[in-house]
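FYI, the numbering just counts along the sequence from 1. All values reported here derive from a predicted model rather than from experimental measurement. Just so you know, these numbers use all the heavy atoms, side chains as well, and skip hydrogens, waters and symmetry mates.
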Amino acid sequence: MSTDADNGPDMRAAEYVLGTLEPGERERVAAEMLHDRELCLEIAYWEEQLGQLGLMLAPVRPPRRVWRRIAMRTGVRDEGDSARGTRLWQGLALAASVAALALAAVLYVGVPTTPTEAEPPVYASMIHDDPTGAGWMLTAGAGDDRLTVTAIHAYPLPPDKSLHLWLLPPEGDPVSLGLMPAEGGKERMAMPEGAERMLDEGAKFAVSMEPPGGSPEPRPTGKVMWVVPVTARAG
């Protein structure tokens with residue numbers, strides 16, 4: 001795997017494999033792959049690493065509502081095919097179901113030696129700050145009214161500032177979720193009513209730099225540091 005002395009691993013390659021790049025950026029990466037051998041090697045590296053992590057997970061049978069959505073979109077109506085559809089779903093969901101967890105494990109804490117017994121997250125995002133190497137993974141399960149925010153590496157936050165996390169719905173105003181942990185550790189943040197629908201419809205997460213205690217307004221007032229998409233196992 002090639003690295004940059006200042007920015008570390010090529011995050012575009014990792015996000016390309018995870019499927020979290022914006023459509024335009026994904027198209028640019030695909031075009032570059034036609035003539036950039038190093039980028040192809042990067043992507044092959046991430047496919048191998050993330051694929052190995054995904055194979056360590058125990059198969060999870062999706063809820064019936066997920067199968068119904070797949071059946072409606074694919075035209076498969078025979079419920080007798082549900083077992084086959086479940087196997088197909090498990091294969092297609094390999095990277096998306098653990099996107100943030102897999103990326104964090106590869107970058108910072110190494111590959112685990114035993115599979116986790118916890119349910120894989122349905123919604124996941126990874127925030128990565130290239131200059132500092134700081135990162136956070138954001139995960140939530142189906143029907144979960146709380147978002148888990150795990151700091152992977154400390155961020156050099158000025159003493160007179162805080163990092164404020166927002167949910168950006170496809171339409172409407174930002175929704176405050178709380179303050180991000182800057183020194184490491186884990187936070188559980190309450191999700192607003194209707195958050196699962198917003199995430200299914202393409203909501204994003206954003207982090208702004210604010211005064212201590214967070215934004216004094218119901219919207220970001222300081223610099224927006226990062227905006228990241230949400231990878232959803234159940235679309």
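Heavy atoms only, all atoms of each residue included: Leu21 and Arg12 are closest at CD1-O, 3.7 Å. Annotation for Trp166 and Pro174: closest pair CE3-CB, 3.9 Å, computed over non-hydrogen atoms. Nearest heavy atoms, Met126 versus Gly135: CE-CA, 4.2 Å. Here the shortest heavy-atom pairing between Leu167 and Ala195 reads CD2-CB, 4.3 Å. The minimum heavy-atom distance linking Ser162 with Pro211 is given by the pair OG-O, 2.6 Å. For Ala151 against Pro181, the heavy-atom pair with the smallest separation is CB-O, 3.8 Å.
In this structure, Leu138 and Thr148 have side chains that are not in contact, with every pair of non-hydrogen atoms separated by 4.5 Å or more. Using a 4.5 Å heavy-atom cutoff, the side chains of Leu147 and Leu165 are in contact. Looking only at side-chain heavy atoms (C-beta outward), Arg219 and Asp173 stay at 4.5 Å or farther from each other. With a 4.5 Å cut-off on side-chain heavy atoms, Val149 and Thr139 do not count as touching. Using a 4.5 Å heavy-atom cutoff, the side chains of Glu193 and Asp145 are not in contact. Side-chain contact between Val175 and Met191 is absent, with no heavy-atom pair separated by less than 4.5 Å.
Heavy-atom contacts from other residues, nucleotides or ligands closer than 6.0 Å to NZ of Lys186 number 12 or fewer. By the 6.0 Å contact criterion, CD on Glu217 is enclosed, its count of non-hydrogen atoms from other residues, nucleotides or ligands being greater than 12.
Within the structure, ring-ring contact (aromatic ring centres under 6.0 Å, His included) contacts touching residues 178-209 (residues at least two apart or in different chains) do not occur.
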- prompt: Between Asp129 and Met225, is a side chain to side chain contact (heavy atoms under 4.5 Å, CB included) present by the stated rule, with each step listed?
  reply: CA-CA 9 Å; Asp129 183 63; Met225 304 293 293; 5.6 Å; no
message: Under the criterion salt bridge (Lys or Arg N to Asp or Glu O under 4.0 Å), I'd like the reasoning laid out for Arg28 against Glu22: C-alpha separation, chi angles, the key distance, then a yes or no.
response: CA-CA 10 Å; Arg28 283 190 288 273; Glu22 294 288 350; over 6 Å; no
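Residues Met198 and Ile127 share a single hydrophobic cluster, defined by chaining ILVMFWY side chains whose heavy atoms lie under 4.5 Å apart.
A donor-acceptor contact shorter than 3.5 Å links the side chain of His164 to the backbone of Ser215. Between the side chain of Arg26 and the backbone N or O of Tyr16 there is at least one donor-acceptor pair closer than 3.5 Å. A donor-acceptor pair under 3.5 Å links the side-chain atoms of Ser125 to the main chain of Pro229, judged by distance alone.
Separation of atoms CD (Glu187) and CZ (Arg146) is listed at 10.5 Å; rounding is to 0.5 Å. Met33 contributes atom CE, which lies 6.5 Å from atom CG of Leu39 (distance to the nearest 0.5 angstrom).
The pair Glu201-Arg197 meets the salt-bridge criterion, since a charged nitrogen lies less than 4.0 angstrom from a carboxylate oxygen.
Residues Glu210 and Ser208 bring a donor and an acceptor atom of their side chains to less than 3.5 Å of each other.
Taking a 4.5 Å side-chain heavy-atom cut-off between Ile, Leu, Val, Met, Phe, Trp and Tyr, the cluster of Leu179 contains only that residue.
In this structure Trp226 satisfies the ring pair (Phe, Tyr, Trp, His ring centres under 6.0 Å) test together with Trp136, Tyr155, sequence neighbours excluded.
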